[in-house]
Structures are given as C-alpha cells and as structure tokens.
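Reading through the structure tokens given below for one structure.
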Amino acid sequence: MQILKLTDEAFGTILTNMLKRSPDSYPEQEAVVSVILADVRENGDKAVFNYTKKFDGADISAENFIVTEEEEKEAYEKVDPALIDVIRKAISRIRTFHEKERQKSWFMTEEGMVLGQKVTPLSRVGVYVPGGKAAYPSSVLMNVIPAQVAGVPDIVMCTPPGKDGKVTPTTLVAAKEAGVGTVYKVGGAQAIAAMAFGTESLPRVDKITGPGNIFVALAKKAVYGHVSIDSVAGPSEVTVLADDTANARYVAADLLSQAEHDEMACAILVTTSMRVAEEVSAEIDGFLETLSRRDIIKKSLDNFGRILVADTMEEAVRAVNEIAPEHLELVTRDPFLLMTEIKNAGAIFIGEYSSEPFGDYFAGPNHVLPTNGTAKFFSALSVDDFIKKTSIIYSSGEALKALHEDVETFAKAEGLTAHANSIHVRFEEEDQ
C-alpha cells in the first residue's frame with residue numbers, strides 16, 4: 001500500500017481521486033438509467049419484466065413477481081440455522097439501538113395558543129437490496145428495522161432474482177425475520193422506477209432506501225422528488241486515524257475489510273507514525289495472500305488506498321475532517337478525547353476492538369452512512385428518515401388580536417397585502 005507524506009499536494013490529489021467515485025461522474029450510465037425510468041413509467045409491469053429478462057436472465061411475470069410462502073420456506077431450508085440465529089440476535093441489537101431514536105409528537109401552550117409538532121410515520125416504504133457480486137442480508141436489517149420502529153405500516157422490498165427466478169435465500173430469510181411485508185423479484189434501475197412510479201403489480205412507495213450499483217444510485221437520484229430517498233450513496237470507504245500505539249495487524253485487517261467491497265472502495269490510513277505506516281503496509285501484503293477477494297482488494301488499494309503520514313495529530317485530524325469518511329476508526333492513546341475533535345464522519349469506531357465490521361453487522365447503530373465527503377452535511381440512516389413532522393398551530397381570537405398588527409406589518413414589508421388583509425379582516429370593526 002502506497003505511503004505518502006501528508007502534504008497539501010498529496011492530500012489534494014487523494015480528495016480529487018475520491019470524488020471521481022461519485023455518481024455524478026457516470027454520464028453514459030445516467031443516459032441508460034433515463035431510458036429505463038421512462039420505459040417503466042410508461043409501460044409498467046411489461047417494462048419491468050422485460051428488463052428483468054434482459055439483465056438478470058429470469059422469466060418474471062405478474063404470476064411469479066412476488067415471493068411466495070413456499071419460496072420463503074424453501075429459503076429457510078437452505079440457510080444454516082446458526083446463521084438464522086445470528087440474524088435474530090442482530091435484529092434484537094439493531095432494534096434496541098433504534099428504539100432510542102424514536103420521536104414523539106409534542107405540544108406547547110401560550111395564553112390562547114397551542115403550538116406543536118405532530119410526528120407521523122410514512123405510509124409505505126420500499127427497500128432495495130442488491131443481489132449481484134454478493135448478498136447482503138445485513139442491509140435488509142439496517143433499512144427495514146428503523147422503518148419498523150418509526151411505525152411504517154407497509155414495508156416492501158425489491159431484490160433481483162437469479163436466472164432460476166429465485167431470490168438469494170439469506171436475503172429472503174433476513175427479510176422475513178425483519179418483518180418485510182412483500183418481496184418483489186426485480187433489481188436494478190427498473191426496481192427503483194417501479195417503486196417510484198408504481199406499476200400494475202407494485203404500488204408506488206413514499207420513500208426508497210437501500211444500496212445498489214451505479215445504475216441503482218443514479219436511478220434513486222433521478223426519482224428524488226417523485227418520492228423521497230435515503231441518499232445517493234457512492235462506493236464504501238474507511239479511514240483509520242492511528243498513532244504509534246496502534247496495532248498494525250489490526251489496522252491492516254480493518255483497511256482490507258473495507259477494500260474487499262468492490263474495486264471502487266476507498267481505504268485510507270492517516271497516522272503520525274512512519275513505523276506504523278510501514279508495518280501496516282507489510283501486514284496488508286501478508287494478508288492479501290490468504291484472502292478470497294484479493295483481486296478486488298488489490299484494485300481497490302491501487303486506485304483508492306493510501307497511507308498518509310502526518311507530522312502532528314492536529315494535522316492528521318484536519319485531514320480526517322476534510323475527508324469526512326463514511327467509517328472512521330480511532331486507534332490512539334486517548335481515542336475518546338480525540339473523538340471530540342472529529343466533526344465529519346458517518347460513524348466513529350473508538351479503540352482497537354471497535355472494528356468497522358462490528359458496526360456493519362452487530363453493534364446496533366445503522367450502517368447506512370454518508371459517503372464521498374457527504375458526512376459534512378448528512379447523517380446515518382435513522383428512525384427520523386421514516387417519519388414526517390407536521391406543525392400544529394392554534395390561536396384563539398384574543399391571542400391573535402394581541403399580535404395582529406405585528407403580523408400585518410411583517411406582511412406589508414414583504415409586499416404581500418393579501419396576507420396582511422387576511423389578518424386585518426378579523427379585527428377591522430374593532431380597529432375603526
């Protein structure tokens with residue numbers, strides 16, 4: 001893994017390189033997605049089934065579009081009972097964490113007034129789960145459970161079928177355990193279009209969440225406004241901030257765990273120790289000889305993996321805040337104190353035993369996180385993403401009377417005389 005001195009020039013190059021992974025950098029794929037969305041919007045089921053045959057090689061029709069109870073039973077028979085037990089434990093931990101995020105409606109009273117905020121869950125949510133290079137039952141849990149905790153009554157899922165028309169068994173078991181209502185056998189941009197616009201067989205949803213490839217990401221971006229989405233996520237990333245106390249073997253393993261996602265994943269170590277930098281690089285070389293996805297990892301590290309050596313921890317922290325990583329690990333003498341200096345990160349993992357994969361699967365906090373520097377202004381997926389907040393306003397006549405001249409003055413200052421008149425007519429006889 002390449003070791004660089006943390007200079008303005010080197011850092012600027014790395015940031016520029018990272019941003020090339022943004023969904024905004026794929027005009028050819030965007031054109032393809034635009035055609036698919038328009039086709040599904042106009043032709044509904046017919047277009048969805050045609051694209052499923054074209055891209056997934058599966059013969060899907062209205063008769064077998066939805067996963068059946070028999071298919072669910074078959075999936076359970078194929079999945080190791082030990083894994084099902086682990087999924088259930090993970091569900092419990094994820095639900096416990098997200099219960100803490102739940103918000104309630106609230107009201108306040110003034111003399112003659114009631115003001116407040118009414119919290120309402122969304123009515124129907126669609127979760128997308130990929131099924132290409134790997135199956136991700138953890139993504140099912142992380143998207144479905146906060147929606148459930150929020151009180152969403154109807155949660156559906158779209159995931160691509162194999163050529164045999166079947167859904168990946170682990171994905172299906174996770175969906176059943178998490179409480180998904182209906183699972184549709186469709187993937188890619190056509191799945192996003194179907195959920196956003198609705199078809200004869202798949203009623204439209206209010207919000208779409210979940211990860212996917214570049215076509216899925218671009219489709220979500222394009223339908224935003226017709227429906228809500230969680231985010232337009234880029235490839236995954238991790239940054240490790242370490243000093244001379246870090247265990248190089250642990251750090252190397254954590255960097256590799258993220259690099260194996262795909263060739264576009266980004267793994268960066270920022271350290272104040274050249275010794276740690278060199279040891280981590282050597283450990284990575286050793287691990288690569290044993291890992292099943294070594295070819296993917298090598299491409300990821302060659303393109304987007306770097307070790308940056310800073311002169312001071314202050315300099316290192318500034319770099320991390322500028323990167324604004326999806327996942328940030330702090331492996332230092334006093335990581336809790338250092339955590340207070342971090343302003344931009346999707347999730348912060350503190351100490352050498354808080355490995356990023358622990359958060360991916362089992363810790364409890366959500367692993368759907370902002371990428372590509374968007375942690376500067378976005379947050380992790382949460383219960384808040386599945387609710388609406390409606391303002392409540394009540395005023396008695398006496399309460400408004402005491403304030404009506406102020407409101408009219410404000411309206412007139414903006415040139416909105418009809419606004420002012422709407423207030424004035426209620427008190428015009430008293431003002432004469």
Side-chain angles (χ1 to χ4, degrees), residues 1 18 21 86 89-90 93-94 97-98 133-134 136-143 211 231 233-243 245-271 276-277 279-281 283-284 287-288 290-294 296-297 300-301 304-308 316-317 319-321 323-332 335-336 338-339 342 344-375 378-382:
M1 197 166 171
M18 286 179 64
R21 306 175 314 134
V86 169
K89 290 177 181 177
R93 295 182 64 87
I94 296 165
F97 179 88
H98 286 82
K133 292 182 179 179
Y136 296 111
S138 61
S139 290
V140 178
L141 309 187
M142 292 294 183
N143 284 273
S231 65
S236 195
E237 60 203 33
V238 65
T239 295
V240 179
L241 178 54
D243 62 15
T245 66
N247 184 312
R249 190 166 176 81
Y250 295 173
V251 172
D254 291 356
L255 292 169
L256 292 168
S257 75
Q258 207 62 27
E260 78 169 342
H261 271 291
D262 60 57
E263 295 87 344
M264 300 292 284
C266 178
I268 294 175
L269 167 62
V270 182
T271 180
V276 169
E279 289 180 1
V280 168
S281 183
E283 291 285 358
I284 285 174
F287 276 128
L288 275 174
T290 67
L291 298 172
S292 62
R293 293 167 69 87
R294 68 178 67 89
I296 291 174
I297 293 172
S300 169
L301 295 183
F304 303 105
R306 298 293 183 271
I307 298 175
L308 302 176
V317 168
V320 167
N321 279 325
I323 293 170
E326 178 187 17
H327 308 98
L328 173 63
E329 293 189 7
L330 301 180
V331 192
T332 60
F336 281 96
L338 193 61
M339 179 264 293
I342 302 301
N344 304 319
I348 302 174
F349 299 78
I350 299 176
E352 64 180 11
Y353 290 100
S354 303
S355 175
E356 184 274 333
F358 178 48
D360 269 354
Y361 299 114
F362 221 73
N366 209 286
H367 78 197
V368 181
L369 302 167
T371 60
N372 262 18
T374 59
F378 281 139
S379 305
L381 189 72
S382 72

Under the side-chain hydrogen bond (donor to acceptor under 3.5 Å, both in side chains) test, residues paired with [X] that sit two or more places apart:
X: N321; value: none
X: E283; value: R249
X: S355; value: D254
X: E329; value: none

From [X] atom [atom1] to [Y] atom [atom2], the distance as rounded to the nearest 0.5 Å:
X: I348; Y: I342; atom1: CD1; atom2: CD1; result: 6.0 Å
X: M1; Y: I268; atom1: CE; atom2: CD1; result: 7.5 Å
X: Y250; Y: S354; atom1: OH; atom2: OG; result: 12.5 Å
X: I297; Y: L291; atom1: CD1; atom2: CG; result: 4.5 Å
X: S231; Y: L381; atom1: OG; atom2: CG; result: 8.0 Å
X: L241; Y: M339; atom1: CG; atom2: CE; result: 13.0 Å

What residues form a salt bridge (Lys or Arg N to Asp or Glu O under 4.0 Å) with R294, not counting sequence neighbours?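 R294 satisfies salt bridge (Lys or Arg N to Asp or Glu O under 4.0 Å) with no residue once adjacent residues are dropped.
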
Could you list the residues that satisfy salt bridge (Lys or Arg N to Asp or Glu O under 4.0 Å) with E279, not counting sequence neighbours?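 Checked E279 against salt bridge (Lys or Arg N to Asp or Glu O under 4.0 Å); matches are R275.
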
Got a sec, which residues hit side-chain contact (heavy atoms from CB on, under 4.5 Å) with [X], two or more places apart in sequence or on another chain?
X: T374; result: P370, F377, F378
X: T245; result: D243, R333
X: S300; result: A259, A265
X: A253; result: F287

Worked check of side-chain contact (heavy atoms from CB on, under 4.5 Å) between V270 and V317: CA-CA 9 Å; V270 182; V317 168; over 6 Å; no

Can you name the nearest heavy-atom pair linking [X] to [Y], along with the distance?
X: P235; Y: D262; result: CB-OD1, 4.1 Å
X: I296; Y: E260; result: CG2-O, 3.8 Å
X: L255; Y: A267; result: O-CB, 3.6 Å
X: A248; Y: V276; result: CB-O, 4.4 Å
X: I284; Y: A252; result: CG1-CB, 3.7 Å
X: G346; Y: A375; result: N-CB, 3.6 Å

Applying side chain to side chain donor-acceptor pair (under 3.5 Å) to S236 and Q258, what does each step give before you reach the verdict? CA-CA 7 Å; S236 195; Q258 207 62 27; 2.2 Å; yes

Tell me which donor-acceptor pairs under 3.5 Å the side chains of residues 356-369 have, and how far apart each pair is, sequence neighbours excluded?
residue : atom : partner : partner atom : Å
E356    : OE2  : H327    : NE2          : 3.2
N366    : OD1  : V368    : N            : 2.9
N366    : ND2  : H98     : NE2          : 3.2
N366    : ND2  : M142    : O            : 2.7
H367    : ND1  : D360    : O            : 2.8

Residue among I323, I350, V320 satisfying side-chain contact (heavy atoms from CB on, under 4.5 Å) with L328: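 Considering I323, I350, V320, a side-chain contact (heavy atoms from CB on, under 4.5 Å) with L328 is found only for V320.
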
Keeping the roles fixed (side chain from E237, backbone from E326), state whether a donor-acceptor pair exists under 3.5 Å.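 Yes: the side chain of E237 pairs with the backbone of E326.
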
